[in-house]
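In what follows, a structure is listed as structure tokens, so that the remarks can point back to it.
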Amino acid sequence: IAETLHKAHLRVDEFQQTWRGKITDVSLPEDILLALQGAEAILQEAVKPYLYASLLHATDVENPKHGMLVQKTQAALTDIQNKLVFLELELLGLSDETLRQLVDGDTLKNYAHYLKKLFLTKPHRLSEREEQMMNDFSLTGADAFTRLFDEELSRKKFCVAIGGETYECPEEEVFNLLYDADREKRKAGADAMTKGLWEDLWRLTYIFNNLAEDKHISDRYEKYTTPE
């Protein structure tokens, strides 16, 4: 993991030196293709430690070493993503005509969907430094509360009453009951889920309120007029 992240940091630093300031209206589509392929290759490798850590953590959320690894790899991935922010901003700095030619041309046809989605964000993007700050703050903001929610429910045991007997089940088993062919089991699953969530209502409400406020703040800075 450490070696993979170290190599990714070296590659992204080299990428910055090669491409920063080089994406302009006079850039050849072939050059922009090379830049996109390079960034894609870096991210594909950089995300692997985080994905591994997340899967490991999912198997045993009680192990603090797993949680620490998730935090470490997520922070490293965010750092690498921050170093690539300039590429998207330079692409969005191209003229509308150049952007249209890139999307419609054959050279970047494999990236046409990505570019179209990227261009939709143009009115909402911030400066490079502001984008990086938003990414960094997400580690202790929305991402942190999302992880807290996932960990709370993964530890939670729900009391399911079926046929006169009561069982303690984890969240995933209760979800399975909600789609069971037996109506009684579906109802038992729904009752258990409702009762279990109600028991943790204060804590879950606090998490959701923080996520909603985080979204409201980011929307304000990014000039989104609706939450959608």
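Below, all heavy atoms of this structure are taken into account, side chains as well, without hydrogens, waters or symmetry copies.
- The hydrophobic clustering, which links ILVMFWY residues whose side-chain heavy atoms are closer than 4.5 Å, places Trp202 and Ile207 apart.
- Between the side chain of Glu222 and the main chain of Leu126, no donor-acceptor pair closer than 3.5 Å is present.
- The closest donor-acceptor contact from the side chain of Glu130 to the backbone of Ser127 lies under 3.5 Å.
- Salt bridge status for Lys215 with Asp219: present, with a side-chain N to carboxylate O gap under 4.0 Å.
- No donor-acceptor contact under 3.5 angstrom links the side chains of Tyr114 and Glu40, judged on distance only.
- Hydrophobic clustering (ILVMFWY, side-chain heavy atoms < 4.5 Å, transitive): Leu34 and Leu94 are in one cluster.
- In this structure, Arg183 places its CZ atom where only 12 or fewer heavy-atom neighbours from other residues, nucleotides or ligands lie under 6.0 Å away.
- A donor-acceptor pair under 3.5 Å is formed between the side chain of Thr73 and the backbone N or O of Val70.
- A side-chain donor-acceptor contact under 3.5 Å links Glu90 to the backbone of Ile23.
- By the 4.0 Å N-to-carboxylate-O rule, Asp200 lies close enough to Arg203 to be salt-bridged with it.
- The OG1 atom of Thr107 sits 9.0 Å away from atom CG of Leu28, with the distance rounded to the nearest 0.5 Å.
- Using a cut-off of 4.0 Å between Lys/Arg side-chain N and Asp/Glu carboxylate O, Glu97 and Arg100 are scored as salt-bridged.
- Atom OH of Tyr52 sits in a sparse spot, with 12 or fewer heavy atoms from other residues, nucleotides or ligands closer than 6.0 Å.
- By the 4.5 Å heavy-atom criterion applied to side chains, His57 and Leu69 are not counted as neighbours.
- In the hydrophobic cluster analysis, where Ile, Leu, Val, Met, Phe, Trp and Tyr join through side-chain heavy atoms closer than 4.5 angstrom, Leu204 is grouped together with Val174.
- Residues passing the side chain to side chain contact (heavy atoms under 4.5 Å, CB included) test with Thr18 are Glu14, sequence neighbours excluded.
- For the pair Glu128 and Arg20, the salt-bridge criterion is met [side-chain N within less than 4.0 Å of a carboxylate O].
- Counting heavy atoms from C-beta on, the side chains of Gln16 and Phe86 come closer than 4.5 Å.
- To the nearest 0.5 Å, atom CE of residue Met193 and atom CG of residue Leu177 are 9.0 Å apart.
- Minimum interatomic distance between Ala39 and Leu87 (heavy atoms only, all atoms of both residues): CB-CD2, 3.7 Å.
- In summary, the aromatic rings of Phe149 and Phe208 are positioned with their centroids under 6.0 Å apart.
- No side-chain donor from either of Arg147 and Gln74 sits under 3.5 Å from a side-chain acceptor of the other.
- Side-chain contact between Asp143 and Thr78: absent, with no pair of heavy atoms (C-beta onward) separated by less than 4.5 Å.
- Within the model, atoms CG of Asp25 and CD of Gln101 stand 9.0 Å from one another, a figure rounded to the nearest 0.5 Å.
- Here the options are Arg125, Lys83, Lys122, Lys117, the test is salt bridge (Lys or Arg N to Asp or Glu O under 4.0 Å), and the partner is Glu88; only Arg125 passes.
- Nearest heavy-atom pair across Arg11 and Ala41 is NH2-CB, 3.5 Å.
- Put simply, the side chain of Ser27 gets close to the backbone of Lys22: a donor and an acceptor are under 3.5 Å apart.
- With hydrogens and angles ignored, the 3.5 Å screen pairs no side-chain donor or acceptor of Ser138 with any backbone N or O of Gly141.
- Asn135 places no side-chain N or O within 3.5 Å of a backbone atom of Asn82 that could act as its donor or acceptor partner.
- The side-chain heavy atoms of Pro170 and Lys157, taken from C-beta on, include a pair separated by under 4.5 Å.
- Here the shortest heavy-atom pairing between Leu108 and Pro29 reads CD2-O, 4.1 Å.
- Enclosure of atom CZ in Phe137 is not indicated, since only 12 or fewer non-hydrogen atoms of other residues, nucleotides or ligands lie within 6.0 angstrom.
- When all heavy atoms of Ala8 and Ile42 are compared, the closest pair comes out as O-CG2, 4.3 Å.
- To the nearest 0.5 Å, atom CZ of residue Phe145 and atom CG of residue Asp214 are 8.5 Å apart.
- Annotation: the span from Trp19 atom CH2 to Leu36 atom CG amounts to 9.0 Å, rounded to 0.5 Å.
- Judged by distance alone, with hydrogens and angles left aside, the side-chain atoms of His66 form no donor-acceptor pair with the main-chain N or O of Ala58 at under 3.5 Å.
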Could you go through Glu62 and Arg155, starting from their C-alpha distance and side-chain angles, then the distance that decides it, and tell me whether this counts as salt bridge (charged side-chain N to carboxylate O under 4.0 Å, His left out)?
CA-CA 8 Å; Glu62 301 291 344; Arg155 292 187 176 95; 3.3 Å; yes
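- Glu168 and Cys159 make their closest contact through CG-SG, 4.4 Å (heavy atoms, listed as atom of the first residue, atom of the second, distance).
- Connection of Val160 to Leu153 is established within a shared hydrophobic cluster, with ILVMFWY side chains joined at heavy-atom distances below 4.5 Å, either directly or through further cluster members.
- For the pair Ile32 and Tyr111, the minimum side-chain heavy-atom distance is 4.5 Å or more.
- Of all heavy-atom pairs between Gln71 and Leu139, the closest is NE2-O, 4.4 Å.
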Using side-chain contact (heavy atoms from CB on, under 4.5 Å), reason through Asp96 and Phe119 one step at a time and then give a plain yes or no.
CA-CA 9 Å; Asp96 290 345; Phe119 300 156; over 6 Å; no
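- Leu43 and Leu10 fall into different hydrophobic clusters, where Ile, Leu, Val, Met, Phe, Trp and Tyr side chains are chained together by heavy-atom contacts under 4.5 Å.
- Glu213 places none of its side-chain heavy atoms less than 4.5 Å from the side chain of Asn209.
- Remark: Lys156 does not engage Glu152 in a salt bridge, criterion side-chain N to carboxylate O under 4.0 Å.
- Between the side chain of Arg186 and the main chain of Asp180, a donor-acceptor pair closer than 3.5 Å is present.
- Contact annotation: the side chain of Lys116 never approaches that of Leu120 to less than 4.5 Å [non-hydrogen atoms, C-beta and beyond].
- Here the straight-line distance linking atom CD of Glu171 with atom CG of Leu197 works out to 8.0 Å at 0.5 Å rounding.
- Proximity of Leu33 to Gln37: side-chain heavy atoms (C-beta onward) are separated by under 4.5 Å at one or more points.
- Relative orientation of the Tyr224 and His124 rings is parallel, given thresholds of 30° and 60° on the angle between their planes.
- A donor-acceptor contact shorter than 3.5 Å links the side chain of Asn210 to the backbone of Tyr206.
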